[in-house]
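Residue numbers begin at 1 in each chain, while the letters A, B, ... track the order of the sequences. Just so you know, these numbers come straight off a predicted model, no measurement behind them.
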Amino acid sequence: MIRDRLTHSLRDALTAAGLPEPPAGVPLDVPKHREQGDFSSNVALQLKGHDGASPREIATRIRDELVKAKVAHVVEIEIAGPGFLNFHLDPAWTHDVVREAVAEGERYGRSEVLAGQRINLEFVSSNPTGPLHAGGGRWVAVGDAIANLLAAQGAEVHREYYLNDAGNQLDTFGASLLARARGEQPPELGYMGNYVIEMAERMKAELGDDLTLETAREWGYLDAVRELRDDLARIGVVFDTWFSERLLHERDDVNDVLNTLSEAGHTFDQDGAKWLRTTEFGDSRDRVVVRSDGTPTYLAADLAYHRDKMRRGFTHLIDIWGADHHGQVKSLQTGMQALGYGPPAEPEILLGQLVKLVRAGEVVRISKRTGNIITLADILDDVDPDVVRMTFLLLSIDSPQTFDLDVVTAQSMENPVYYVQYAHARVASIARRAAEAGIVVRPLDTVDLGVLQHVREHELLRSLDGYPDAVRDAAEMRAPQKISTWVREFAARFHSFYRECRVITDDAELTQARLWLVESCRIGLRSALELLGVSAPDVMAQLETDDTDDAGEANDTDGVDG
RNA sequence: GCGCUCGUAGCUCAAUGGAUAGAGCAUCUGACUACGGAUCAGAAGGUUGUGGGUUCGACUCCCGCCGAGCGCACCA
């Protein structure tokens with residue numbers, strides 16, 4: 001609200017002063033330091049050199065126009081440093097933030113800038129040859145949060161899981177399963193994990209001993225997919241589509257895409273294989289799409305797959321991959337370009353740095369192929385799904401993450417998620433107390449918010465005002481950690497307010513105003529937690545205290561939900 | 001060797017090219033007989049790996065070097 005007004009006024013002032021608008025639009029920021037005002041703009045710095053004026057001279061001209069226009073709530077416009085325009089507002093502007101949040105309710109922070117976009121977001125896509133490993137939980141949490149963020153900007157988002165069920169990995173897996181069922185060691189380069197032994201036992205119980213490579217493979221495939229679904233359900237993620245690679249081969253899509261590429265003149269034959277001339281579109285080397293034995297490569301199927309996504313009517317594709325696959329980015333994108341998609345590149349590929357699992361001070365290698373793995377389900381056995389999600393959403397995906405199993409389990413009660421949830425529970429608690437005290441909350445438009453004068457209230461609302469921007473930035477940059485960062489900061493402001501300002505007091509007017517203030521906080525907290533896929537509980541389970549020796553019974557601290 | 005990514009407080013990490021680089025943990029000092037102390041107030045902690053460059057302004061962009069991870073298949 002206030003931001004829109006300031007931006008608008010700035011634009012008018014530029015026009016009135018005969019200055020152009022910068023190509024990137026009119027900048028308006030929240031300065032880091034309180035003394036630098038409530039809002040600031042570096043527009044004069046961006047326009048430096050315009051008709052030879054210095055940034056400070058330009059800033060002065062803009063300020064003169066703004067002063068003439070008399071912008072609401074603005075008490076002083078200061079020109080600082082090399083030419084910043086710092087807006088000092090009267091504290092009452094934050095009262096508009098309460099009204100805005102309450103008026104928008106669950107829609108607060110959301111927008112429609114991506115309305116009309118149909119986005120296909122593919123993530124996880126772990127091979128159906130065993131359970132999800134713990135590190136894969138990062139892509140579960142991140143993918144789901146990014147999907148939420150894009151949806152919050154008005155896009156129609158489709159969550160998709162690609163099942164690599166046509167390659168030789170599945171054959172190897174089937175052979176490993178069959179060997180275990182027969183009490184033998186898996187073949188060389190097979191799946192060594194102990195989970196294969198357990199699966200083989202179940203398979204024998206269901207199918208008996210009359211097993212072939214094919215029945216073992218198919219049973220294992222279906223069982224693995226079921227387990228993937230179950231694990232994902234435990235953490236609350238549901239995919240709209242599980243896409244089978246086999247479908248592409250059955251429909252002859254792979255050959256069709258190869259023919260299309262050949263007819264367009266993008267392929268050539270060499271050494272008995274068929275190559276795709278991806279260098280034509282900027283790849284570092286050309287790629288084989290059909291091997292000399294006549295079978296298509298992974299890339300050929302992947303091109304057919306992504307073409308299928310485009311044909312299903314999506315306006316944009318996003319894939320989330322582990323950074324270990326970065327070598328394939330160029331080949332897929334340039335291949336898609338050969339098919340006529342992009343630029344800009346389709347799919348957009350988000351590379352996430354890998355998770356390093358640590359237990360007992362040692363790095364745990366995560367590979368389904370080479371032995372024991374720690375699964376996402378193992379972690380969910382020990383800690384709350386909310387803790388798991390938040391742990392994976394604290395970091396930028398550009399940062400490699402060290403996931404210390406001992407720390408996460410032993411200190412799960414100290415996880416930042418509880419700090420934020422506690423703020424939400426406090427809000428709910430206040431509402432309960434107010435109701436118990438027989439306080440009737442009057443309609444907001446009959447309440448005088450002008451009594452909200454405390455510096456903690458002001459800081460709290462300044463923070464809340466930043467939420468819509470945080471959502472927009474997080475969505476644009478595909479960076480859910482911006483939401484975790486915002487909500488932790490906001491929760492801190494709330495706790496600080498809570499300690500210093502009582503909501504329910506003998507002052508009826510102040511109580512009314514603060515109840516609405518707290519309601520606006522609830523809206524922000526709840527919305528942010530929802531974007532992260534984390535629950536917003538109204539009560540926190542009682543935490544065990546160890547300062548008394550009579551706390552013998554083990555309290556269940558996991559039973560929080562919204 | 002080539003390529004991609006990453007080096008920020010003791011530790012784990014934030015920071016659309018903006019002003020004085022911020023949190024949490026750990027350490028230290030404190031807090032209401034009141035809405036839930038899973039809380040709050042404060043202290044201390046930095047040559048943003050390193051050397052150049054671009055810019056009014058660089059953790060951020062460019063180049064070199066050092067270090068780490070990951071890729072360089074007619075595997076998936």
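- Listed nucleotides: B:A76, B:C35, B:A73. Nearest to the side chain of A:Q169: B:A76.
- Judged as a ring pair (Phe, Tyr, Trp, His ring centres under 6.0 Å), and not counting sequence neighbours, the contacts of A:F39 are A:W93.
- Atom-to-atom, CD of A:E459 to P of B:G22 comes out at 15 Å; the value is rounded to the nearest Å.
- Secondary-structure stems of RNA chain B, taken as three or more successive Watson-Crick or G-U wobble pairs (i with j, i+1 with j-1) under a 3.5 Å distance threshold, comprise B:1-7 with B:66-72, B:10-13 with B:22-25, B:27-31 with B:39-43, B:49-53 with B:61-65.
- Only A:S40, A:N42, A:L45, listed by number, bring a heavy atom of residues 37-46 of chain A to less than 4.0 angstrom from any atom of RNA chain B.
- On the C1' atoms, B:G22 is 12 Å away from B:U48, given to the nearest whole Å.
- Remark: A:D302 pairs with no residue by the salt bridge (Lys or Arg N to Asp or Glu O under 4.0 Å) rule, at least two apart or across chains.
- Atom CG in A:L28 sits about 14 Å away from atom P in B:G18, given to the nearest Å.
- In summary, A:R63 and A:E78 do not engage in a salt bridge, as defined by a charged side-chain N under 4.0 Å from a carboxylate O.
- A:K32 has its NZ atom 12 Å from the C1' atom of B:U16, to the nearest Å.
- Not counting sequence neighbours, the partners of A:D293 by the side chain to side chain contact (heavy atoms under 4.5 Å, CB included) test are A:R291, A:T295.
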Distance-only criterion, 3.5 Å: show the donor-acceptor pairs between side-chain atoms of residues 318-325 of chain A and protein atoms not counting sequence neighbours.
from, atom 1, to, atom 2, distance (Å)
A:D319, OD1, A:K309, NZ, 3.2
A:D319, OD2, A:H306, NE2, 2.6

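- Salt bridge annotation for A:R3-A:D465: present, with a cationic side-chain nitrogen under 4.0 angstrom from a carboxylate oxygen.
- The stretch residues 488-495 of chain A touches RNA chain B through A:R488, A:H495, each having a heavy atom under 4.0 angstrom from the strand.
- The side chain of A:E35 lies closest to B:U20 when the candidates are B:A41, B:U20, B:A15.
- Shown here are the side chain to side chain donor-acceptor pair (under 3.5 Å) partners of A:H458, two or more places apart in sequence or in another chain: there are none.
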What are the atom names and distances for every N/O pair under 3.5 Å that joins the protein to nucleotides 2-4 of chain B?
from, atom 1, to, atom 2, distance (Å)
B:G3, N2, A:H326, NE2, 2.7

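- Taking atom CD of residue A:E78 and atom P of nucleotide B:A19, one finds them 15 Å apart after rounding to whole Å.
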Could you go over nucleotides 6-11 of chain B and give all protein N or O partners under 3.5 Å, atom names and distances?
none

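- Closest approach to the A:Y422 side chain among B:A38, B:A14, B:A41 is made by B:A38 (side chain taken as heavy atoms from C-beta onward).
- Distance A:L395 CG to B:C25 C1': 14 Å, rounded to the nearest Å.
- For A:R526 and A:E519, the salt-bridge test fails: no basic side-chain N is under 4.0 Å from an acidic carboxylate O.
- Two residues, A:N86 and A:D29, neighbour RNA chain B, and the one matched to the more 5' nucleotide by heavy-atom proximity is A:D29.
- The side chain of A:S496 places an N or O atom within less than 4.0 Å of a non-bridging phosphate oxygen (OP1 or OP2) of B:A41.
- Dashed line: the shortest gap from a side-chain N or O of A:R499 to OP1 or OP2 of B:A38 is not under 4.0 Å.
- Heavy-atom minimum distance, A:V487 versus A:M390: CG1-CE, 4.5 Å.
- Using atom C1' as the reference point in both B:U60 and B:G49, the two lie 16 Å apart (nearest Å).
- Remark: A:Q270 engages A:F268, A:W275 in a side chain to side chain contact (heavy atoms under 4.5 Å, CB included) (not counting sequence neighbours).
- A salt bridge is defined here as a Lys NZ or Arg NE, NH1 or NH2 lying under 4.0 Å from an Asp or Glu carboxylate O, and A:E489 with A:R493 meets this definition.
- Computed from coordinates, the A:R34 CZ to B:A19 C1' distance equals 16 Å when rounded to whole Å.
- Taking 4.0 angstrom as the limit, A:Y298 places none of its side-chain polar atoms (N or O) nearer than this to OP1 or OP2 of B:A76.
- Closest to the side chain of A:R502, from the set B:A34, B:A41, B:G22, is B:A34.
- Distance check: A:S331 OG to A:L303 CG gives 8.0 Å after rounding to the nearest 0.5 Å.
- Within the 4.0 angstrom heavy-atom criterion, only backbone atoms of the sugar-phosphate kind lie near A:R433; the bases stay farther away.
- Spacing between atom CZ of A:R287 and atom C1' of B:C72 amounts to 9 Å, rounded to whole angstrom units.
- No contact: A:E436 has no heavy atom under 4.0 Å from any strand.
- Nucleic acid contact for A:K274: none, since no nucleic acid atom lies under 4.0 Å from a heavy atom of the residue.
- Among residues at least two apart or in separate chains, salt bridge (Lys or Arg N to Asp or Glu O under 4.0 Å) pairs with a member in residues 25-37 of chain A are A:R34-A:D38, A:R34-A:E459.
- Residue side chain A:Y419 fails the stacking definition with respect to B:A38, as its ring centre and the base's six-membered ring centre are not both under 5.5 angstrom apart and under 30 degrees in plane angle.
- A donor-acceptor pair under 3.5 Å is absent between the side-chain atoms of A:S496 and the main chain of A:A492, judged by distance alone.
- Per the geometry, CD1 belonging to A:I349 stands 14 Å off C1' belonging to B:G71, to the nearest Å.
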